[in-house]
Amino acid sequence: MTDFNAMDVAQLQAAIAEHRPAVTAEPPALVPAFAEAQLALAAKLAEAGEMERALAAAIAGVDHLRLLYENDAATFGVHLASALNNLSNRLSDLGRDDEARQAGDEAFALGKAAIDAAPAEARFVLVSTLMNQSGRSWRAGQSLRAIEELGTAVDIFREGGEQLYSFLGIMVDALHRNAMALAEGGLWEEAIAVRRMTAQVFPEDHMPLAVLHLLALTLQQGAFARSREGFFGESLPLAEEATQLARDLAETEPDQYRLFLAQSLASLASRQHEAQAHEQALEAAVEAVGVFQDLAKVDPAGALEPLVPTLQTFASILNTLGHAEQAQTILAQREHLLGVLEQMAGQA
């Protein structure tokens, strides 16, 4: 079988020219290689930034695949679905998202119809199509629609089981990029939802700890953002969930995640203090300080610096609860620690 993806533009153009007389005859010959070469050429031209020519090649490939599909739907259904998904990308490259969505909708319908004939390939096309449609929804400001499309993509991926594991890296990378973009835009609710989806694509007994770490970090950031906006009560469930994840991580890999647990407890104490849950904040702050102090015995540089703001929060909580003398003691410890850190910096 010819590997058209390994060919350069000139080779693909030569292959297309070789088959063109047959496919333009009356009636046209059905030549799968012609469609494959056109689609490969579209991808190469898009990589080179020649978007109009890439779109023309993608259209030519889809048009010929339609003829193949009409002749043998069982064999070519998934190929036409994939080609339409790729065509949708070429349209989006040119800012034609409305037309791209129409092509994506057709790709999705054909992909669903092809699941019985080619389960793994069809599901991958469905997942890819939904990811692309989600991008169009984000660009159109339709966040709820985008989240729904991503969620459906994750469900289809999970349904595919081991057959789709070879596509796991692609799936995770796409979700990660979505979550990062949402976080950078301050859309924390959506970013958290996408982080949860990332965790869902893995079997429970093969869950990478890094995925849970990223989810916990995004929850913490979302909690901080809600608190800064004045929604103190809404920040608490996010901070509490992040801390529980940190506990689980530290229990599994203490050497790697004990510092993260201490930082999570300190963050939780701050959110609780802001929400007027001072007794709970005191408990979290005491535990955070204890973990930081234990860590300082083995990693002073890593533990002492984040301990400084935690002591400040601890003292503020104590003052609020009427323990002014204890608060002064904690602040004195903080000042001493700042001096230690200055010494360490001078010796570095």
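Bear in mind that the values here come from a model prediction, so they are computed numbers and not experimental data.
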When you check the gap from the basic side-chain N to the acidic O, do [X] and [Y] get nearer than 4.0 Å?
X: Asp97; Y: Arg139; value: yes
X: Glu70; Y: Arg66; value: no
X: Glu106; Y: Arg101; value: no
X: Arg158; Y: Asp155; value: no
X: Arg228; Y: Glu274; value: yes

Pair listing, side chain to side chain donor-acceptor pair (under 3.5 Å) test, anchored in residues 284-298, at least two apart: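 As it turns out, the side chain to side chain donor-acceptor pair (under 3.5 Å) pairs with a partner in residues 284-298, which skip direct neighbours, are Arg247-Glu287.
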Those residues that, when tested against Tyr257, pass ring-ring contact (aromatic ring centres under 6.0 Å, His included) (two or more places apart):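 Here the qualifying residues are His213.
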ring-ring contact (aromatic ring centres under 6.0 Å, His included) involving Phe232 - partner list, sequence neighbours excluded: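 Checked Phe232 against ring-ring contact (aromatic ring centres under 6.0 Å, His included); zero matches.
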No-hydrogen, no-angle side-chain donor-acceptor test under 3.5 Å, His273 and Thr313: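 Per modelled atom types, His273 and Thr313 side chains form no pair under 3.5 Å.
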Under 3.5 Å side-chain donor-acceptor pair for Ser128 and Asn85: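 Side-chain D/A pair, Ser128 to Asn85: present.
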Spell out, as yes or no, whether a donor-acceptor pair under 3.5 Å connects the side chain of [X] to the backbone of [Y].
X: Thr218; Y: Leu214; answer: yes
X: Asp72; Y: Thr75; answer: yes
X: Glu149; Y: Ser134; answer: yes

Any Phe124 side-chain heavy atom under 4.5 Å of Gln163 side chain: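 Of all side-chain heavy-atom pairs linking Gln163 with Phe124, none is under 4.5 Å.
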